[in-house]
Each structure stands twice: as C-alpha cells, then as structure tokens.
Novice: 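One structure is given below, represented as structure tokens, and several questions about it will come after.
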Number of protein chains: 2
Amino acid sequence: MSDEEIPDIVIRRLPLYARELGAVASEGSEYISSEGLGERLGVSPAQIRKDLNYFGSFGTRGRGYQVTSLRERIRSILKLNGRVREMVLVGVGQLGRALLGYRGFLIGGFEVVRVFDADPEQIGQAVVGYEVEDVASLPEFLRRSKVAFAIVAVPTEAASTVIDTLVAGGVQAILSYAPISRSVPDGVRLRQIDPVMELESMSYYLDDQFDAVVEDQI
Amino acid sequence: MSDEEIPDIVIRRLPLYARELGAVASEGSEYISSEGLGERLGVSPAQIRKDLNYFGSFGTRGRGYQVTSLRERIRSILKLNGRVREMVLVGVGQLGRALLGYRGFLIGGFEVVRVFDADPEQIGQAVVGYEVEDVASLPEFLRRSKVAFAIVAVPTEAASTVIDTLVAGGVQAILSYAPISRSVPDGVRLRQIDPVMELESMSYYLDDQFDAVVEDQI
DNA sequence: CACTGTGAACTTATTCACAGCT
DNA sequence: AGCTGTGAATAAGTTCACAGTG
C-alpha cells in the first residue's frame, strides 16, 4: 500500500503523534488505542488510524498500538530515526541565543552545528559554546558541508538575502522567524514561525464587550 | 451575506493578508489585485477573493483592492484596529526575554503589560524594563485586570499548571511555546509554537542523500 | 470482545468560470 | 478592459460504519 502521494496535512500531524507518544511512553503505558491518543490530542480516532494507514498497519486489533514502537515507526517515516539532524543557525540576537539554549532541538534529534551572523561585534565571539562566524562565509561552508536544515533568526530586513544564500547553498529545509512572505524553489521547504500572526487570528474569536465593528451591506 | 459561520482556516489566513498588505503599502502601491497579492503569498487569487467575501465586498472591479484600506478592514475584522491588545507573559527565561525584546508584537498591536515567573531568583528583578512578579500572584492580577491574551514561555513541566491558571483567570487566548498537548474549555483559544515539530515534518521531504547517519562521537 | 484497517459517505475547502461593475 | 464577486464544479479531507482479526 506504499507509494501513494501522501497529503502534507498528514505529514504535519505525524510529529504531533510522535511527540504525544513520547509523553505516553514516559507515563509507562505499553499500548494505546487510537481513541486514547485522539483524546489526548483533540484528534478523532478515525483520523489517527487513517493517517497511520498511509504508511502501513502498525496496530494490533483488540489492543491498539504499541507506544514506543509506533513512535519509532513515525520517526522513521520522518527520516528522524537513529541520527541527529544537523542545522545551521543564522542570527545570534536574543532569539538566536534563546534557540541555541533550547534543549528541545536535541531531544527531537536536531543540533545546531554552526552559527552565523552579520554583526561585526558578534563575529568571532563565543555564544552558548559556539563561535559566531561571518555570514559572508556561509556560502563557502554550505559548499563544503551539505547541511540540510537551517534556522533563520535575523532581523526582518536581512531575512530574504539570508534565505537566498541558504537556498543557493543547497539547504532543503528552512525554519524562518522573520515575518515576511517568500517563495522558494521546488525541493526546498520554508516554514515560518510568526507569533504575531497566531495572536492576530486568535483575536478574531475574542468575545469582546468593548468593540463590535460592523461590517455589513452587500 | 453576514453571520454565516466563517471557517477557521479563513480566519487564519487573514493575518497573512494583513501582513503582506503592510509590505505592499510600504512599497507605495495604492491598489493591488487579488492576483498580485496571491502571487506574493503563494495563494490563489480566487481564494483571496473568496476569503474576503465572507466579510463583505472590499474591492473595486477593474482596479483591485485599495491596499491600506483593505489592511485596515482586515485588522478590524480581527478586532485589532485602533487599539493595543494587552498580554501577560509567563516565564522570563531566555525565550521569555527574547519575546520581551521583540518589536514585532507592538507593530502588530500587542503589548506585554505584566511579566510573571516562578523562580525566586527572578522575582523582583527588572527584565527588559519589566519587574518580574511571582506567578503565585497571577490569579489575583487576572481577577483585577481583565487581560485577554497570554504568552506561556515556561519550562515544559510548568506549562500545564500555568495554562490552568490562565484559563481560570479568564484569559481567552493563549500562545504557548511548551511542547505539550493540552485541551482548553470552549471559549478559550490555545495555539502552540513548536519549532521542533516544524523541523520534523520538513524532514520527511528531504532527499535521501542527506540521510547519512551521524557517527557516534560521544 | 475490543480494537484496527478501510471503503464509502459525507463534509469542507479550493478552483473554475463568467456575469457584472467601474 | 480589467478586475471583483460568486454560484457551480471539483478536489481534498474527515468521519462513518463495519468487516476482519488477534
């Protein structure tokens, strides 16, 4: 049943399942049903079963899914098993430093291997155990070492140029914190994290006694 | 055409449109067509027109949409016009500090008004111009001042309790950076930012030549 | 007997295509 | 002429419901 084109929306749920299965495992359960997992995640049991079935039959009828083995299966589907994914980080401002200090990357199997910045004040400095390199040397570094992942944590104005450099250097997956829209060539993935957009969309749902802006009429 | 239930997926695109319209405005264009905007965003023109039509008819046939007025319309739909949305921040570790220093919130119309933490070392200290308050005093603060937004930037173990406190205090929109799944009551919105999940889902699409298993060097 | 795996039914979202303004 | 606004057509995604199985 392999080899069908799998919807991106399914791929995006896999890390969620894997993350929760890690939590379930640490609580000591050996098996979990699609219903049990769905309840924890706010996802329907049918959806979990369908998602997993794109990749094979991992469950046991009558019992559910073995927690740790399903988690490993998912990580293997995501090409995350038994390895550490190397990343470059561009930008060592406050956000970049916070990211460098974040333990979650390593737990998830990701590790920053090099750190770049454009600020002469930063270049050459040691930051959280990394020596900050000149972003001008990024193209050469990428030519030598094929790193597939990058995190962009530079000021908005600089982001587009940095992304160009990363794409030209063969980086295939870019996580950007800059609030700008960008297109990238086929074969490159760009995901953005923009907390302001998240807040803005939540604002719509506020039951706000203060303000009811009328839009109306045809 | 008012008062139909509007799909969440539409609401989530509105901040994207608003953000890009801001960029278009700063480039000096007065009008933009759905095709022009769609090209910049990687969204189809029909989708933009349909999304906007849930709320009214904001365009001019033959010319397109007036950039600044459409942006204001969208911000008004999102209940973001002409005001600053107040937020509390819980957690002043590295991430919390980075968020406090981020100018993007104010640009988007959001402002942190109070800062809380559980660490006795931090409580009472001044951080980026805020005095860190004891998270134990958060319930009382929320009782007095009706703040609708909160950002959770605490360690994973603490997140669930903090979210409970926020919900109990009447906060309606929570942006959490903790990598845990949580359900919240109706009427409360919880959005998570988890960079690791983003990276993991991108990993699926990598070319296999990048699959080299990292050698154990520890 | 409690669960998965899965086609079929249904629901939601996107695109098409064109009438209708400016 | 060039665009929006919008119903109709299509595609994508989710849930249902149940047969199959350990």
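Chain letters run A, B, ... following the sequence lines, proteins first and then strands; every chain starts at 1. Computation of the quantities below employed the complete heavy-atom set of this structure, encompassing side-chain atoms and omitting hydrogens, waters and symmetry-equivalent molecules.
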Novice: Please evaluate the base of dT4(C) for a donor-acceptor partner in the side chain of Arg61(A) within a cut-off of under 3.5 Å?
Specialist: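 Check passes, donor-acceptor contact within cut-off.
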Novice: Would you kindly compare Lys50(A) and Tyr65(B) by the position of their nearest DNA chain D nucleotide and give the one closer to the 5′ end?
Specialist: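 Nearest nucleotide further toward 5': that of Tyr65(B).
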Novice: Could you check whether atom CD of Gln47(A) has more than 12 heavy atoms from other residues, nucleotides or ligands sitting under 6.0 Å from it?
Specialist: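 Yes, CD of Gln47(A) has more than 12 neighbouring heavy atoms, counting only those of other groups under 6.0 Å.
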Novice: Can you establish whether the number of heavy atoms outside Arg144(B) located under 6.0 Å from its atom CZ is more than 12?
Specialist: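 More than 12 heavy atoms, drawn from other residues, nucleotides or ligands, come within 6.0 Å of this atom.
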Novice: Distance check needed: dC21(C) C1' versus Phe58(B) CZ, whole Å only.
Specialist: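 To the nearest whole Å, that distance equals 17 Å.
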Novice: Hey, is CZ on Arg75(A) packed in by over 12 heavy atoms from elsewhere, all under 6.0 Å?
Specialist: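 Yes, because the 6.0 Å sphere around CZ of Arg75(A) holds more than 12 heavy atoms from other groups.
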Novice: Nearest to the side chain of Arg13(B), which nucleotide is it out of dT15(D), dG5(D), dT14(C)?
Specialist: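 Within the option list, the nearest is dT14(C).
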Novice: Please report the distance, rounded to the nearest Å, between OH in Tyr31(A) and P in dT4(C).
Specialist: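 After rounding, the gap between these two atoms is 12 Å.
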Novice: Test for a donor-acceptor pair under 3.5 Å between the base of dG5(C) and the side chain of Arg49(A), counting only N and O atoms.
Specialist: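 Pair found.
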Novice: Less than 4.0 angstrom between a side-chain N/O of Arg12(A) and OP1 or OP2 of dG13(D), yes or no?
Specialist: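 No, no such contact exists.
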Novice: Does Ser33(A) place a side-chain N or O at less than 4.0 Å from the phosphate oxygens OP1/OP2 of dC3(C)?
Specialist: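 It does not, given that no N or O in the side chain of Ser33(A) lies less than 4.0 Å from OP1 or OP2 of dC3(C).
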Novice: Report yes if a side-chain nitrogen or oxygen of Thr60(A) is closer than 4.0 Å to either non-bridging phosphate oxygen (OP1 or OP2) of dG22(D); otherwise report no.
Specialist: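 Answer no for this pair, as no side-chain N or O of Thr60(A) is under 4.0 Å from OP1 or OP2.
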Novice: With a 4.0 Å cut-off on heavy atoms, is Pro45(A) in touch with a base, just the backbone sugar-phosphate, or nothing at all?
Specialist: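 If one applies the 4.0 Å heavy-atom cut-off, Pro45(A) turns out to touch nothing in the nucleic acid.
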Novice: Round to a whole Å and report the spacing from CD1 of Ile6(B) to P of dA13(C).
Specialist: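 Spelled out: CD1 on Ile6(B) to P on dA13(C) is 12 Å.
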Novice: Is the Phe116(B) ring parallel, tilted or perpendicular to the Phe141(B) ring (thresholds 30°, 60°)?
Specialist: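 Aromatic pair Phe116(B)/Phe141(B) classed tilted.
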Novice: When the distance from CG of Asp8(A) to C1' of dA13(C) is rounded to whole Å, what number comes out?
Specialist: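 Atom CG in Asp8(A) sits about 15 Å away from atom C1' in dA13(C).
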Novice: In whole Å, what is the span from the CG atom of Leu37(B) to the P atom of dG5(D)?
Specialist: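 Atom-to-atom, Leu37(B) to dG5(D), this comes out as 13 Å.
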Novice: Rounded to the nearest Å, what distance is computed from the CD atom of residue Gln47(B) to the P atom of nucleotide dA17(C)?
Specialist: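 Value for this atom pair: 17 Å.
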Novice: Could you check which of dT15(D), dT4(C), dT4(D) has an atom nearest any side-chain atom of Ser34(B)?
Specialist: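 The listed nucleotide nearest to Ser34(B)'s side chain is dT4(D).
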Novice: Does Arg85(B) make a cation-pi contact with Phe149(B) (under 6.0 Å, within 45 degrees of the axis)?
Specialist: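 No, Arg85(B) does not sit over the ring of Phe149(B).
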Novice: May I ask you to say what Leu52(B) touches in the nucleic acid, namely base, sugar-phosphate or nothing, with a heavy-atom cut-off under 4.0 Å?
Specialist: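 Since no nucleic acid heavy atom lies under 4.0 Å of Leu52(B), the category is nothing.
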Novice: When the distance from CD1 of Ile48(B) to P of dT6(D) is rounded to whole Å, what number comes out?
Specialist: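 Taking atom P of dT6(D) as the reference, CD1 of Ile48(B) is at 17 Å.
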Novice: Can you tell me the distance, in whole Å, between the CD atom of Glu5(A) and the P atom of dG13(D)?
Specialist: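 Glu5(A) atom CD is separated from dG13(D) atom P by 11 Å.
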